[in-house]
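The structure appears right after this line, and notes come after that.
The shown structure was predicted, so the numbers you read here are calculated from the model rather than taken from an experiment.
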Amino acid sequence: MKYAIYTNIIACLFILLFSYAAVSKILDYENFHIQLSSFPYLPDSIKYFAWLVPLSEFAIILLLIFPRYRL
């Protein structure tokens, strides 16, 4: 019983963390894009990578919402 409560609390905290990170990157997209452009390993695909990171964070949020997909 305690295991389920702790798992739910930790999952909720991770949902809050990833949702804050994704929303802040989308709201301040220009700054996030500029920061990524200074990264030397992604010269051509920065435009796609700047959208891929927040979308993957939203995918993680969706997986954490359902208890079946939590590890």
Side-chain angles (χ1 to χ4, degrees):
M1 185 68 179
K2 285 186 179 182
Y3 176 75
I5 294 172
Y6 292 143
T7 306
N8 287 336
I9 290 171
I10 291 171
C12 288
L13 290 174
F14 274 126
I15 289 169
L16 287 174
L17 175 73
F18 281 109
S19 61
Y20 170 75
V23 170
S24 68
K25 287 174 187 161
I26 289 175
L27 290 178
D28 197 13
Y29 177 75
E30 292 178 18
N31 189 22
F32 179 59
H33 192 274
I34 290 170
Q35 288 175 351
L36 279 181
S37 62
S38 67
F39 196 73
Y41 300 112
L42 299 170
D44 298 330
S45 59
I46 292 172
K47 180 178 171 182
Y48 303 111
F49 196 70
W51 281 106
L52 183 66
V53 172
L55 290 177
S56 64
E57 289 173 344
F58 280 125
I60 291 170
I61 292 168
L62 285 176
L63 290 174
L64 284 172
I65 288 174
F66 301 109
R68 178 180 178 182
Y69 297 113
R70 295 180 196 161
L71 246 104

Among pairs that include at least one residue of residues 56-71, which meet side chain to side chain donor-acceptor pair (under 3.5 Å), considering only residues two or more places apart or in two chains?
N8-R70, K25-E57
In this structure, would L17 and I65 fall into the same cluster of hydrophobic residues linked by side-chain contacts under 4.5 Å?
yes
What pairs of residues pass the salt bridge (charged side-chain N to carboxylate O under 4.0 Å, His left out) test when at least one of them lies in residues 31-42, not counting sequence neighbours?
none
Partners passing ring-ring contact (aromatic ring centres under 6.0 Å, His included) against Y3 (at least two apart in sequence or in another chain):
none
The complete set of salt bridge (charged side-chain N to carboxylate O under 4.0 Å, His left out) pairs with one or both residues in residues 29-40, sequence neighbours excluded, reads none
With sequence neighbours left out, what residues match I46 under side-chain contact (heavy atoms from CB on, under 4.5 Å)?
H33, L36, S37, L42
Taking side-chain contact (heavy atoms from CB on, under 4.5 Å) as the definition, give me every residue that meets it alongside I9, ordered by chain and number, with sequence neighbours left out.
I5, L13
Quick one: side-chain contact (heavy atoms from CB on, under 4.5 Å) partners of Y48, sequence neighbours excluded?
none
At what distance, to the nearest 0.5 angstrom, does CD1 of I60 lie from CG of L55?
11.5 Å
Just how far is it from atom CG of L64 to atom CD1 of I10, taken to the nearest 0.5 Å?
11.0 Å
Is there a chain of hydrophobic side chains (I, L, V, M, F, W, Y, each step under 4.5 Å between heavy atoms) that links I15 to Y6?
no
What pairs meet the side chain to side chain donor-acceptor pair (under 3.5 Å) rule with one or both residues in residues 9-19, with sequence neighbours excluded?
none
Apply side-chain hydrogen bond (donor to acceptor under 3.5 Å, both in side chains) to Y29 and list each qualifying residue two or more places apart in sequence or on a separate chain.
W51
Quick check: is F32 connected to L52 through a chain of hydrophobic side chains (ILVMFWY, heavy atoms under 4.5 Å apart)?
yes
Do L63 and F18 have side-chain heavy atoms sitting under 4.5 Å apart?
no
Nearest heavy-atom approach of P54 to A22 is O-CB, 4.0 Å
Neighbour count >12 (heavy atoms, 6.0 Å) for atom OH, Y20:
no
Count I, L, V, M, F, W, Y as connected when their side-chain heavy atoms are under 4.5 Å apart, and connections chain through other members. Are L62 and I26 then in the same cluster?
yes
